[in-house]
Protein chains: 2
Amino acid sequence: MPAPGFIVTRRRSAETTRAAILEAARCRFSREGYEGAGVRDIAGDAGVDAALVSRYFGGKDELFAAVLELSAKPDELFYGAPEEFAARIAALLVRDPQDDAKMDCVLIMLRSASSPKAAAAIRQFIEARFYGPMVEWLGCADATVLSRLLGALMMGMGVTRAISPDLDLDAAGREALERKVEAILLAMLRPNQPVG
Amino acid sequence: MPAPGFIVTRRRSAETTRAAILEAARCRFSREGYEGAGVRDIAGDAGVDAALVSRYFGGKDELFAAVLELSAKPDELFYGAPEEFAARIAALLVRDPQDDAKMDCVLIMLRSASSPKAAAAIRQFIEARFYGPMVEWLGCADATVLSRLLGALMMGMGVTRAISPDLDLDAAGREALERKVEAILLAMLRPNQPVG
DNA sequence: GCCGTAAGTCAACAATTGATGACTTTTAAA
DNA sequence: TTTAAAAGTCATCAATTGTTGACTTACGGC
């Protein structure tokens with residue numbers, strides 16, 4: 001806490017502010033999408049001038065691509081045995097707080113999918129960093145087809161929670177939904193077993 | 001085809017142009033979302049001046065709400081026995097052309113969910129015209145919870161096809177995916193039967 | 001045929017957007 | 001301490017947004 005009359009100011013460092021902009025952009029993009037998030041808002045959150053965004057990243061497009069690259073952590077999603085995967089992802093989709101960074105890439109994708117400017121970056125990112133690792137983890141013959149099904153449920157839950165974070169359910173309802181999501185995920189991975 | 005020197009012009013009618021604006025707006029909103037679709041674009045598609053949008057509907061917000069109200073045809077989605085429902089919806093989600101009006105409400109919802117301006121209208125619409133009829137059709141005890149699961153898969157497929165209409169699959173892959181979606185839908189509705 | 005009114009057009013508005021170049025401040029090496 | 005480059009700020013640009021008011025055109029009852 002500085003004495004009265006003094007102000008706290010961050011030490012000037014290109015790397016630090018670059019990271020601050022990236023973090024603020026990740027937050028804004030995941031909440032408001034590519035179109036909705038303004039460069040001034042992002043810069044404001046990062047505590048820097050809006051001009052620095054264009055300076056450091058070349059433009060909003062490149063910033064968006066950089067955020068996608070940053071928030072791409074598929075190894076945090078696709079691993080483990082089917083049972084463990086189903087339980088973990090179900091908890092992530094239903095229970096986890098919305099601002100959890102793990103789901104950010106999904107949120108960013110779906111919130112920006114309708115923007116023509118972001119579409120190119122989105123498509124490339126999805127294929128390389130979402131479906132790709134998913135298919136590799138699945139490993140089975142129809143992995144590509146199956147990945148669309150899995151991805152749809154994950155993105156769909158993302159949309160649903162984006163619209164209303166508590167899913168318009170009480171605690172018991174969310175608990176029940178988490179069980180259902182877990183069962184369905186497992187059913188997708190093991191098509192020959194009952195869901196119940 | 002009019003002779004050279006003559007132009008075709010629509011007969012002046014408030015009702016007709018109102019409908020034309022609504023149709024153009026439905027199309028644009030479902031493709032570009034609330035923020036992405038401009039009033040000038042919509043008016044251009046409808047073949048009228050942009051000023052008429054504000055004139056007839058009061059503003060972009062009200063136009064959006066009117067489009068939601070227009071494209072709300074839940075009775076075209078939620079009916080039939082589980083087997084028939086699963087087959088029909090699977091075809092709709094995987095096979096149908098993207099510009100089919102039946103899925104427009106889903107597309108509009110997900111493409112505009114991130115816009116604060118449209119969020120209020122979206123939430124109200126979803127509850128009243130999507131989850132409501134779905135829960136009523138389901139009829140079972142945990143219908144509300146189940147509706148979130150069903151809705152998530154439907155919206156997720158919508159997002160997926162919004163990003164790449166052909167799902168990045170060949171014809172055989174789409175056929176296989178449609179079977180999988182059908183099986184999963186049925187599994188959601190009948191949790192005690194195997195998926196295979 | 002005339003004319004009031006509804007329907008449509010046009011120009012312009014204020015606000016916001018992303019981006020740029022000139023300028024000032026800080027930093028760290030010499 | 002000096003100084004040159006890096007880092008940050010500011011004012012401003014051009015484009016686009018939704019919206020409004022004044023104007024012009026076309027329709028239908030008299």
Side-chain angles (χ1 to χ4, degrees), chain A residues 2 6-25 28-29 31-67 111-112 114-121, chain B residues 2 6-25 28-29 31-67 111-112 114-121:
Chain A
F6 290 79
I7 55 166
V8 267
T9 171
R10 186 176 45 236
R11 194 178 181 85
R12 286 189 173 182
S13 152
E15 195 177 355
T16 303
T17 52
R18 210 186 128 94
I21 293 174
L22 267 177
E23 170 58 23
R28 285 276 181 178
F29 280 140
R31 280 168 177 71
E32 307 171 15
Y34 177 83
E35 313 251 24
V39 173
R40 285 173 176 80
D41 303 329
I42 294 172
D45 292 352
V48 301
D49 192 271
L52 288 188
V53 172
S54 287
R55 245 227 221 316
Y56 276 114
F57 296 91
K60 193 183 180 184
D61 300 10
E62 288 94 323
L63 174 62
F64 184 75
V67 167
R111 290 217 146 109
S112 308
S114 60
S115 166
K117 299 279 289 291
Chain B
F6 290 79
I7 54 165
V8 270
T9 170
R10 187 175 46 238
R11 195 176 182 83
R12 286 191 173 183
S13 152
E15 194 176 357
T16 303
T17 52
R18 210 186 129 93
I21 293 174
L22 268 176
E23 170 59 22
R28 284 277 181 178
F29 280 139
R31 280 169 176 70
E32 306 172 14
Y34 177 83
E35 313 251 24
V39 172
R40 283 173 176 81
D41 302 330
I42 295 172
D45 292 352
V48 301
D49 192 271
L52 288 188
V53 172
S54 288
R55 238 212 225 325
Y56 275 114
F57 296 92
K60 193 183 179 183
D61 300 9
E62 288 95 324
L63 173 64
F64 185 74
V67 168
R111 290 217 146 110
S112 308
S114 59
S115 166
K117 298 279 289 293

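So that the names make sense, note that chain A is the first sequence line, chain B the second, and so on, each numbered from 1.
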Val48(A) side chain, from C-beta outward: closest of dG18(D), dT9(D), dT9(C) =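 Nearest to the side-chain atoms of Val48(A), counting from C-beta on, is dT9(D).
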Of all residues at least two apart in sequence or in a different chain, which pass the side-chain contact (heavy atoms from CB on, under 4.5 Å) check with Ala65(B)?
->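 Once residues adjacent in sequence are excluded, Ala65(B) has no partner under the side-chain contact (heavy atoms from CB on, under 4.5 Å) criterion.
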For Asp41(B), what residues pass the side-chain contact (heavy atoms from CB on, under 4.5 Å) criterion, not counting sequence neighbours?
->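 By the side-chain contact (heavy atoms from CB on, under 4.5 Å) rule, Asp41(B) matches Arg28(B).
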Quickly work out the [X] [atom1] to [N] [atom2] distance and round it to whole Å.
{"X": "Lys60(A)", "N": "dT17(C)", "atom1": "NZ", "atom2": "C1'", "value": "8 Å"}
{"X": "Glu62(A)", "N": "dG18(C)", "atom1": "CD", "atom2": "P", "value": "13 Å"}
{"X": "Tyr34(B)", "N": "dT17(D)", "atom1": "OH", "atom2": "P", "value": "13 Å"}
{"X": "Arg28(A)", "N": "dG18(C)", "atom1": "CZ", "atom2": "P", "value": "11 Å"}
{"X": "Leu63(B)", "N": "dT17(D)", "atom1": "CG", "atom2": "P", "value": "15 Å"}
{"X": "Phe57(A)", "N": "dG8(D)", "atom1": "CZ", "atom2": "C1'", "value": "15 Å"}
{"X": "Glu35(A)", "N": "dT16(C)", "atom1": "CD", "atom2": "P", "value": "17 Å"}

Interface polar pairs with nucleotides 11-14 of chain C, N/O, under 3.5 angstrom:
residue	atom	partner	partner atom	Å
dA12(C)	N6	Arg40(B)	NH2	3.4

Where is the tightest heavy-atom contact between Ala46(A) and Ala20(A), given as atom of each residue plus distance?
->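 Nearest pair, atom of Ala46(A) first, then Ala20(A): CB-O, 3.6 Å.
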Measure across Lys60(A) and Phe29(A) and return the closest heavy-atom pair with its distance rounded to 0.1 Å.
->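 Heavy atoms of Lys60(A) and Phe29(A) come nearest at CE-CE2, 4.2 Å.
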Please list, for nucleotides 2-7 of chain C, all pairs of protein and nucleotide N/O atoms separated by less than 3.5 Å.
residue	atom	partner	partner atom	Å
dA7(C)	N3	Arg12(B)	NH1	3.0

Would you indicate whether the side-chain heavy atoms of Leu22(A) and Phe57(A) approach each other to under 4.5 Å?
->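 Yes, close enough: below the 4.5 Å cut-off.
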Side chain to side chain, Ile42(B) and Leu63(B), heavy atoms closer than 4.5 Å |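 Contact flag for Ile42(B)/Leu63(B) side chains = yes.
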All pairs passing salt bridge (Lys or Arg N to Asp or Glu O under 4.0 Å) where residues 16-25 of chain A contributes a residue, at least two apart =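 Salt bridge (Lys or Arg N to Asp or Glu O under 4.0 Å) check on residues 16-25 of chain A returns Glu23(A)-Arg26(A).
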Under 3.5 Å, side chain of Ser13(A) to main-chain N/O of Thr16(A), donor-acceptor pair present?
->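 A pair under 3.5 Å: yes.
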Validation: residues 33-40 of chain B side-chain donor-acceptor distances under 3.5 Å, sequence neighbours left out:
residue	atom	partner	partner atom	Å
Tyr34(B)	OH	Asp61(B)	OD1	2.4
Glu35(B)	OE2	Ser115(B)	OG	3.3

Across the strands shown, which category fits Ala43(B) at heavy-atom distances under 4.0 angstrom: base, sugar-phosphate, nothing?
->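 Contact class for Ala43(B): none.
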